[in-house]
Amino acid sequence: MPNSDPDVLLFFPPQTEARLFPYLSLPYLTGYLRRAGRTVCQADLNLELFHELLASGPLRRAQDRHLRRSDVDMRNWYRAAMAETACRFLPELRGQVLAKNGAGVLGADRAVRLANQAVEVVLEGSFLTRTWPSLRTLDEQVRQTAAMPVEALDEPTATLRRLVECALANRRPRVIGLSVAFFSQIAPALLITAWARALAPDARIWLGGQQVMLRQDDLVAMASVGAWVDALCVTAGEEPLTRALEALDGSAQESEVPGIRRPGADAVAAPRPVRTTFRDAAPPDFDDLAVRSYVAEDFQLAVVSCVGCYWGRCVFCSYGNRSLPQGAYQQGTPGQIADAVEHTVREHGADFVAIVDENTNLRLVTQAMREVRRRGVRVTFSTRNRLESVLLDPDFCRELAALGCVLMSVGYETNAQRLLDRMDKGVRAADYQAIIDNVVGAGINLRLSVMGGLFDETAAEAEESRRFLRSNEDKIGIDVLQLMVAEPGTLLANNAEGHGVELDRTGPLAANPELNYLGGRHGYPLSVPGGPEREESLRRLIDTFEGVRPQGNDALPPHLRRHRSQGDLVRRARLRPWVRPVPPGLAAALVDPDTGSLLLADLVWQQVFALPRADVGVEEDGTVLTARTESGSARLRRLAAADAAVAIPSHDLVPGSRR
């Protein structure tokens with residue numbers, strides 16, 4: 001970002017996995033404000049921190065940290081090996097992330113996986129990746145960390161502080177805004193506000209985004225918010241920021257700024273209503289952002305077609321439930337959406353655009369993409385939606401595909417209609433199979449987000465849903481599995497008794513630490529009289545994870561993918577360079593030492609393979625395996641099918657010493 005004194009400096013803080021493309025809150029705010037003549041700088045600190053940590057110094061220090069431990073076990077060895085392997089492939093990893101250049105022998109898919117996993121090793125134990133039992137604990141720890149000198153901070157947190165200092169060097173914005181979309185961003189965002197307050201004491205500091213809208217009552221009462229934050233923006237930020245700048249200009253009163261709550265004496269005051277709608281939005285402006293350096297296999301950008309969800313009634317949905325009041329749901333016109341897509345493609349050269357609504361109106365987007373095609377723009381796109389009844393029409397699905405739809409992400413909870421009705425999902429389980437067949441038959445990849453822990457779901461209902469997923473595993477992918485969470489602001493949380501659930505509003509927060517990044521969604525612990533305990537619901541969901549092999553998953557390990565030729569028995573194979581033998585001392589703690597098994601750790605696909613030494617020998621250089629038996633040949637074939645080794649053709653066999 002060029003040095004200047006902008007009207008607004010916008011930050012997207014760590015820590016979240018949202019690194020496939022720019023999160024849209026900043027680009028849409030930037031586009032609106034710049035169109036109004038305001039100067040704006042935007043910085044994706046979540047991505048910039050990733051770039052800084054995907055470097056030799058942090059990786060080597062993470063490796064040393066794990067090896068220096070007095071109790072080096074399999075866990076620590078594995079993380080050290082991950083960091084060391086990432087260092088070995090660092091030019092390829094950075095080349096893929098920063099320039100999308102194919103990543104050499106790794107290839108784009110392996111490079112992205114290894115880069116993500118290696119950075120998580122660096123982040124392990126950092127303040128930025130702590131999970132929080134309550135906002136009260138979070139508040140206390142943020143204030144303690146903010147008071148620490150930089151030399152006392154862990155490396156990722158100190159790096160983030162340096163990034164904030166660089167963003168504010170020789171720059172004095174009038175307003176600093178942070179968009180907090182995920183729970184895992186709250187603590188880092190508050191830490192940034194503390195540093196920003198010290199670095200730019202005259203700036204107004206605002207927090208906004210999904211988490212602020214959900215948790216405004218809790219946040220406005222927190223000591224850290226009171227100390228460092230001037231306003232919580234609890235609506236879309238375009239009009240509030242515009243009016244705040246007018247107040248700073250002297251052409252409006254600060255008391256007239258809509259859509260905000262101020263910590264302090266008037267914290268309980270209801271915000272003034274905003275008058276602008278989504279149809280006043282400008283196309284997203286991605287300038288200042290390193291759009292080609294996001295952590296993806298290829299270059300992609302995103303747009304939205306609406307604010308909220310036109311259905312909005314699913315009782316667990318914190319985003320959709322805010323759409324229920326009159327006027328809360330807003331959607332663009334076909335022409336406006338086409339403008340956003342065309343601008344994104346022509347300005348930045350993207351050939352894939354994700355439409356990242358909470359629930360896309362498929363008929364609306366179809367009209368918009370027809371207009372895009374009429375303008376001579378060719379682009380592929382994805383949607384996010386329910387298993388809508390409109391998808392029962394195969395001709396409609398084929399038109400979506402013809403217009404460029406290549407991916408559809410949908411929520412899946414259950415095949416039990418009584419549970420779908422209880423959560424007011426508004427779809428029919430009886431339609432699911434026809435919809436899946438139509439979507440996949442049209443050539444659109446279908447990815448599911450699976451939710452468990454549904455009210456008083458029975459074991460038989462859970463098994464029927466698992467059977468349905470298993471019967472369709474050749475047609476679907478699964479992006480995430482999670483247990484239902486009662487987030488604040490949902491119909492479920494606002495009327496727990498009416499929905500037959502009991503909530504604990506006094507104890508630790510509930511989340512999905514076993515399944516989701518940094519716990520995923522956070523809400524109130526939930527129980528259902530007569531229903532399964534959380535442990536049982538979690539076990540059922542893990543059974544689904546282990547029992548369903550969705551062939552549409554990019555992240556599915558190669559040996560679990562179908563339609564792979566088994567080929568001939570393999571007599572000799574060379575390990576892939578990202579596969580490391582586990583040291584014998586650690587291996588002995590994991591397998592029966594009498595078997596003498598060789599353990600191999602695949603650091604890309606996160607698999608561990610055990611090969612009995614009676615069946616497989618290792619040549620002197622440690623990278624070539626030789627079959628000693630027919631069983632060993634079959635094992636090497638499976639190892640090659642798992643992308644952990646490459647078969648050496650028989651005509652390349654040369655004598656070699658074996659041990």
Side-chain angles (χ1 to χ4, degrees), residues 130-143 180-187 189-190 207-226 229 232 234 261 263-264 267-271 312-325 328 413 419 422-424 451-457 482-538 541:
R130 285 191 59 177
T131 55
W132 304 100
S134 68
L135 287 175
R136 181 176 182 176
T137 302
L138 183 154
D139 189 23
E140 294 171 352
Q141 291 299 310
V142 164
R143 285 182 283 138
V180 186
F182 304 99
F183 187 89
S184 57
Q185 293 176 293
I186 295 176
L190 289 172
L207 286 182
Q210 166 81 346
Q211 292 300 314
V212 175
M213 297 178 193
L214 281 182
R215 305 177 193 279
Q216 53 183 287
D217 290 337
D218 292 324
L219 290 171
V220 79
M222 288 168 56
S224 54
V225 172
V229 178
L232 300 179
V234 297
R261 293 179 64 180
V268 296
R313 289 161 46 182
C314 304
V315 300
F316 55 80
C317 184
S318 57
Y319 189 83
N321 292 168
R322 293 206 316 271
S323 306
L324 293 174
E413 295 80 23
L419 294 173
R422 185 167 176 180
M423 67 183 68
D424 205 0
M451 181 179 290
L454 309 172
F455 301 106
D456 59 346
E457 181 182 45
Q482 61 186 326
L483 294 173
M484 186 168 67
V485 173
E487 291 185 281
T490 60
L491 295 174
L492 187 62
N494 290 344
N495 184 18
E497 183 177 351
H499 292 99
V501 303
E502 295 176 353
L503 302 181
D504 179 0
R505 301 177 188 270
T506 62
L509 295 170
N512 278 282
E514 306 92 344
L515 300 165
N516 300 158
Y517 186 69
L518 299 182
R521 300 176 184 273
H522 284 62
Y524 306 112
L526 167 79
S527 61
V528 181
E533 298 291 330
R534 184 184 187 278
E535 292 74 15
E536 171 62 17
S537 294
L538 178 62
L541 208 53

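Because the structure is a prediction, the values reported are computed rather than measured. In what follows, every heavy atom counts, from backbone to side chain, and hydrogens, waters and symmetry copies are set aside.
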Minimum heavy-atom distance between A511 and R534, given as atom pair plus value: O-NH2, 3.1 Å
Could you walk me through whether L503 and L492 pass side chain to side chain contact (heavy atoms under 4.5 Å, CB included), step by step? CA-CA 10 Å; L503 302 181; L492 187 62; 5.6 Å; no
Looking at CG of L135 and CG of L509, how far apart are the two atoms once the value is rounded to the nearest 0.5 Å? 6.0 Å
Contact between D456 and L419 at the side-chain level, heavy atoms closer than 4.5 Å - yes or no? yes
Enter the distance from Q210:CD to Q185:CD here, rounded to the nearest 0.5 Å. 11.0 Å
Can you tell me how far the CG atom of L138 sits from the CZ atom of F183, to the nearest 0.5 Å? 6.0 Å
Tell me yes or no: between the side chains of D139 and S224, is some donor less than 3.5 Å from an acceptor? yes
I'd like to check V315 versus F455 (side-chain heavy atoms, cut-off strictly below 4.5 Å). Are they in contact? yes
Could you walk me through whether V485 and M451 pass the side chain to side chain contact (heavy atoms under 4.5 Å, CB included) check? CA-CA 10 Å; V485 173; M451 181 179 290; over 6 Å; no
Looking at every non-hydrogen atom in both residues, tell me the closest pair between A189 and L207 and how far apart they are. CB-CD2, 4.4 Å
Side chains of D424 and L491 in contact at under 4.5 Å (non-hydrogen atoms): no
Which atom pair, heavy atoms only, marks the closest approach of R521 to S318? NH1-OG, 3.9 Å
With side chain to side chain contact (heavy atoms under 4.5 Å, CB included) as the test, would you mind laying out the steps for H522 and Q211 before giving the verdict? CA-CA 10 Å; H522 284 62; Q211 292 300 314; over 6 Å; no
Is I186 close to L190 at the side-chain level, that is, under 4.5 Å between some pair of heavy atoms? yes
Nearest 0.5 Å, what's the CG-CG distance between L483 and N512? 4.5 Å
Spacing of L232 atom CG and M213 atom CE [to the nearest 0.5 Å]: 11.0 Å
Considering all heavy atoms of both residues, which atom of P508 and which atom of P525 are nearest to each other, and what is their separation? O-CG, 3.1 Å
Steps toward side chain to side chain contact (heavy atoms under 4.5 Å, CB included) verdict (C314, E413): CA-CA 11 Å; C314 304; E413 295 80 23; over 6 Å; no
Taking atom CD of E533 as the centre, report whether more than 12 heavy atoms of other residues, nucleotides or ligands fall under 6.0 Å from it. no
Are side-chain heavy atoms of M423 and H499 found at a separation under 4.5 Å? no
Can you see which heavy atom on W132 is nearest to which on R130, and at what distance? NE1-O, 3.4 Å
If we only count heavy atoms from C-beta on, is the Q216 to L219 side-chain gap below 4.5 Å? no
Under 3.5 Å: donor-acceptor pair, side chain of D504, backbone of L526: no
For P529 versus G500, what's the shortest heavy-atom pair and its separation? CD-O, 3.6 Å
Atom CZ of R505 with >12 non-hydrogen neighbours under 6.0 angstrom: yes
